[in-house]
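Take a look at the structure set out below.
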Amino acid sequence: MKTYTNTGSKDTRSGFGDGLTELGRTNPNVVALCADLIGSLKMNQFIEENPERFFQIGIAEANMMGIAAGLTIGGKIPFTGTFANFSTGRVYDQIRQSIAYSDKNVKICASHAGLTLGEDGATHQILEDIGLMKMLPGMTVINPCDYNQTKAATIAIAKHEGPVYLRFGRPKVANFTPDNQTFEIGKALHLQDGSDVTIVATGHLVWEALEAVKVLNEKGISAEVINIHTIKPLDANAIIESVKKTKCIVTAEEHNKLGGLGESIARVLSQHQPTPQEFIATNDTFGESGTPAQLMEKYGLNADAIVTACEKVIKRK
């Protein structure tokens with residue numbers, strides 16, 4: 001069994017900030033916009049080095065999306081920054097009409113996604129943003145798992161032509177993927193080989209999946225783990241080939257089970273490889289206030305829940 005080491009817990013939003021800073025030094029067309037959340041989005045260093053390429057829009061997210069769309073006409077590559085709730089739900093019409101429908105090269109960068117912004121409570125948490133974004137024609141949806149992968153994803157999307165939704169989080173989480181990795185949009189990553197069950201995870205749940213593998217191994221269960229950092233376009237072949245071997249699958253995400261990664265995978269499987277599937281996701285509910293760890297436990301988004309789901313789905317083969 002391959003082992004992964006937490007090289008030091010870091011927040012994925014800092015991966016975005018450091019990636020943006022690097023882009024500022026290497027790509028003169030990259031510009032940044034923020035809706036009064038510079039510190040939360042870790043954009044300070046980019047602004048310090050490139051003050052003429054930063055636009056503070058204030059608490060006017062819809063205006064920010066329109067300005068970003070306009071900047072692309074002059075060849076700029078705008079990165080917008082605010083919380084995931086305000087990056088999607090509050091400005092959906094502007095994204096749909098001005099960015100997606102017009103196929104503008106805007107990078108919508110969203111921090112504080114899911115439950116793990118914690119004590120800010122249900123009104124600031126969002127568990128439906130992946131569904132909102134993946135349904136927009138032409139929108140690429142990326143949800144990296146740790147600091148290193150978020151930094152690599154931020155750098156990679158600047159080279160991608162077309163609108164992108166990049167989702168990341170607030171808390172410090174395990175940092176375990178390689179430093180200076182190459183990020184390939186739409187390419188799943190096999191982290192663990194296994195024969196009894198496939199675990200497909202995204203974002204903060206990838207580390208929880210790897211922790212679950214340790215427990216499953218002690219129980220004599222061989223689990224395969226796939227990191228889906230790109231939810232759209234989805235690497236369907238990687239999923240199909242894995243379940244041909246294991247004959248069952250568990251999907252894990254910090255998102256509503258309605259409209260998330262699990263449903264995208266269910267569609268692929270129903271068309272190509274019908275397979276028993278269990279979902280680790282929130283169950284058609286809003287969140288609440290609490291620490292990230294408390295919320296992940298209450299809503300069943302952790303290693304223990306993944307272990308239980310794997311045992312359940314294996315019995316359904």
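Nothing fancy with the numbering, it's 1 onward along the sequence.
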Query - Check: His112 ring centre within less than 6.0 Å of Phe168 ring centre - result: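 Centroid separation for His112 and Phe168: 6.0 Å or greater.
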Is there a side-chain contact between [X] and [Y], using heavy atoms and a 4.5 Å cut-off?
X	Y	result
Ile280	Glu253	no
Leu191	Tyr4	yes
Ser242	Ile226	yes

Query raised in the report: Thinking salt bridges, do Arg25 and Glu49 make one under a 4.0 Å N-O criterion?
Result: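 A salt bridge links Arg25 with Glu49.
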Query - Salt bridge present between Asp11 and Arg170 (N-O < 4.0 angstrom) - result: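 Looking at Arg170 together with Asp11, the answer is no, because their closest N to O distance does not fall below 4.0 Å.
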Report task. Applying side chain to side chain donor-acceptor pair (under 3.5 Å) between Tyr147 and each of Thr12, Asp18, Thr177, report the one that passes. Result ->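 It is Asp18; the other options fail the test.
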**Report entry** side chain to side chain donor-acceptor pair (under 3.5 Å), paired with Glu254, selected from His204, Gln125, Arg167
**Finding:**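 Exactly one pass, corresponding to His204.
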Please check if atom [atom1] in [X] has more than 12 non-hydrogen atoms from other residues, nucleotides or ligands closer than 6.0 Å.
X	atom1	value
Glu297	CD	no
Arg96	CZ	no
Lys257	NZ	no
Lys187	NZ	no
Lys245	NZ	yes

Hey, what do you get for [atom1] ([X]) to [atom2] ([Y]), rounding to the nearest 0.5 Å?
X	Y	atom1	atom2	value
Leu127	Asp284	CG	CG	10.5 Å
Arg53	Ile47	CZ	CD1	12.0 Å
Thr7	Asp179	OG1	CG	8.0 Å

Query raised in the report: Going by distance alone, is a donor N or O of one side chain under 3.5 Å from an acceptor N or O of the other, for Gln277 and Thr251?
Result: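 Side chains of Gln277 and Thr251: pair found under 3.5 Å.
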Query raised in the report: Where do Leu261 and Ala252 come nearest, in terms of heavy atoms and distance?
Result: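 Between these two residues, the closest heavy atoms are CD2-O, 4.5 Å.
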Requested in this report: Determine the minimum heavy-atom distance between Glu241 and Lys244, stating which atoms define it.
Outcome: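 Nearest heavy atoms, Glu241 then Lys244: OE2-NZ, 3.3 Å.
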